[in-house]
Each structure stands twice: as structure tokens, then as C-alpha cells.
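To start, the structure itself, in C-alpha cells.
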Amino acid sequence: MDVTMTVNGVESTRDVEARTLLVHHLRENLDLRAANVGCDTSSCGACTVLLDGEAVKSCTVLAAQAAGSEVTTVEGLAAADGTMHPVQAAFRAEHGLQCGFCTPGMVMATVSLLRDNPSPTERQVREGLEGNLCRCTGYHNIVRAALAAAETQKPVSA
């Protein structure tokens, strides 16, 4: 079946099998490798992407279900000139990257969290990132990165 969706601002149509998961479609058909297949059971969050602005685990969504939607992967966060998204920059600055396997999912979950709650507490960040596992157990730096990103995204008062 033909499935059309806009991924990172680019519309594409591909012939996919009805059973194709979104994460496999992104990786295998669109050559976007950031969303990782960690557990294939929606337990780890390594495959988290934004689907119409909401964080979803792309191993729980069929590509056909995303037809007509806008999908954002971590590859689509940076500006056209290569400037990192504030969340990406904060992960880098606060050493939230660890081995990197969970990082794309953590970044996308953080982007979604900060969109919904621009000034979270540490506890809210930890609760907001539940369901995204870091095999390196580097949660402290990931939480620091999320809080730092929240600070950089706050509007500056005059």
C-alpha cells in the first residue's frame, strides 16, 4: 500500500507492507537511522519520534497509521544551517549523551515534555521521561540536560 507522510518537513510516498512499523519505515525506507529499535515492545523508548507533535514510540505505530501525518525524528530538529535544537545542545553540554543509543529517543521525549511544560521541576522531568530507558543508567546527566534546555528556552524578560 502507498503511504504518504511528511517526515522532517519532506513529504514522501512509499509502498509499504501493511504490517510495517513506523520505526522500520523510517530506518529502512527513508534511511533515517536515529530512531533505534531497542526492545520492539515499547518498553525502552529508543524509537521515540514526534507524530503530529506528540511523542510516540514508533515501534507501536504502523507506518500506515501515520499516513497523512507529520513525523519529526531527531534528524529533523536542527535548523537548516546545522544549528542544534536547544535540547540537542543541552544534551551535548551536560553530557547527557552516554553511549548514544537512547539519546534520540530521550531528546525527542524531552522536546515533547518541554513543549507541554516549559518550566518543569526535576521530578517532573524524571516523570516525563519515564518509559525511556538508558542502558548506561546515565539519568542524572539526561535530567540535567532537560533542565538546562528548559532554562535556555525561557523567554527573556525585558
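The closest donor-acceptor contact from the side chain of Asn141 to the backbone of His95 lies under 3.5 Å. Here the side chain of Thr6 pairs no donor or acceptor atom with the backbone of Gly9 at under 3.5 angstrom. The backbone N or O of Leu30 sits nowhere less than 3.5 Å from a side-chain atom of Arg14 that would complete a donor-acceptor pair. A donor-acceptor contact shorter than 3.5 Å is absent between the side chain of Lys57 and the backbone of Thr48. Panel note: side chain Glu28, backbone His25; no donor-acceptor pair is recorded below 3.5 Å. A donor-acceptor pair under 3.5 Å is absent between the side-chain atoms of Thr20 and the main chain of Val16, judged by distance alone. A donor-acceptor pair under 3.5 Å links the side-chain atoms of Asp81 to the main chain of Thr83, judged by distance alone. Judged purely by atom type and a 3.5 angstrom limit, Gln153 has no side-chain atom pairing as donor or acceptor with the backbone of Ala150. For Glu127 (side chain) and Gln124 (main-chain N/O), no donor-acceptor pair under 3.5 Å exists by modelled atom type. Looking only at distances, no side-chain donor or acceptor of Asn36 sits under 3.5 Å from a matching main-chain atom of Cys47.
Looking only at atom types and distance, the side chain of Thr73 has a donor-acceptor partner in the side chain of Asn8 under 3.5 Å away.
Among all heavy-atom pairs drawn from Cys44 and Gly38, the shortest one is SG-CA, 3.6 Å. Nearest heavy-atom pair, Gly96 versus Ile142, reported as atom, atom and distance to 0.1 Å: O-CG1, 3.5 Å. Contact detail for Ala149 and Thr152: the closest heavy-atom pair is O-OG1, 2.8 Å.
Rounded to the nearest 0.5 Å, atoms CZ (Arg135) and SG (Cys102) are 8.0 Å apart. Distance CD/Glu70 to CG/Asp52: 6.5 Å, rounded to 0.5 Å. Within the model, atoms OG of Ser112 and CG of Leu51 stand 11.0 Å from one another, a figure rounded to the nearest 0.5 Å.
Using a 4.5 Å cut-off between side-chain heavy atoms of Ile, Leu, Val, Met, Phe, Trp and Tyr, with links allowed through other members, Val74 and Leu50 fall into the same hydrophobic cluster. The cluster map of Ile, Leu, Val, Met, Phe, Trp and Tyr, joined by side-chain heavy atoms under 4.5 Å apart, puts Leu26 and Leu77 in different clusters. Met108 is not connected to Val71 by any chain of hydrophobic side-chain contacts under 4.5 Å among Ile, Leu, Val, Met, Phe, Trp and Tyr, and they are in different clusters. Under the 4.5 Å side-chain heavy-atom criterion for Ile, Leu, Val, Met, Phe, Trp and Tyr, Val111 and Val143 are members of the same hydrophobic cluster. Residues Leu147 and Leu113 share a single hydrophobic cluster, defined by chaining ILVMFWY side chains whose heavy atoms lie under 4.5 Å apart.
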*Start with the C-alpha gap between Thr13 and Asp2, add the side-chain angles, then the distance that decides, and say whether side-chain hydrogen bond (donor to acceptor under 3.5 Å, both in side chains) holds.*
CA-CA 6 Å; Thr13 301; Asp2 281 345; over 6 Å; no
*Can you check side-chain contact (heavy atoms from CB on, under 4.5 Å) on Cys134 and Met106, steps first, answer last?*
CA-CA 9 Å; Cys134 171; Met106 289 285 190; 4.1 Å; yes
_For a side-chain contact (heavy atoms from CB on, under 4.5 Å) check, start with the C-alpha distance between Tyr139 and Leu133, then their side-chain angles and the critical distance, and finish with the verdict._
CA-CA 9 Å; Tyr139 296 105; Leu133 303 178; 3.9 Å; yes
_Apply side-chain contact (heavy atoms from CB on, under 4.5 Å) to residues Val37 and Asp40 and explain how you reach the verdict._
CA-CA 6 Å; Val37 180; Asp40 239 354; 3.7 Å; yes
*asked:* Could you walk me through whether Arg92 and Met84 satisfy the side-chain contact (heavy atoms from CB on, under 4.5 Å) test, starting with their C-alpha distance in whole Å, then the side-chain angles of each, then the deciding distance to 0.1 Å, before giving a yes or no?
replied: CA-CA 10 Å; Arg92 182 174 140 188; Met84 286 189 282; 3.1 Å; yes
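By the 4.0 Å N-to-carboxylate-O rule, Glu130 lies too far from Arg126 to be salt-bridged with it. Between Arg115 and Glu54, at least one side-chain nitrogen of the basic residue sits less than 4.0 Å from a carboxylate oxygen of the acidic one, meeting the salt-bridge criterion.
The local environment of CZ in Arg33 is crowded, with over 12 non-hydrogen atoms from other residues, nucleotides or ligands closer than 6.0 Å.
Thr110 has its side chain within reach of Leu129: a pair of non-hydrogen atoms, C-beta onward, lies under 4.5 Å apart.
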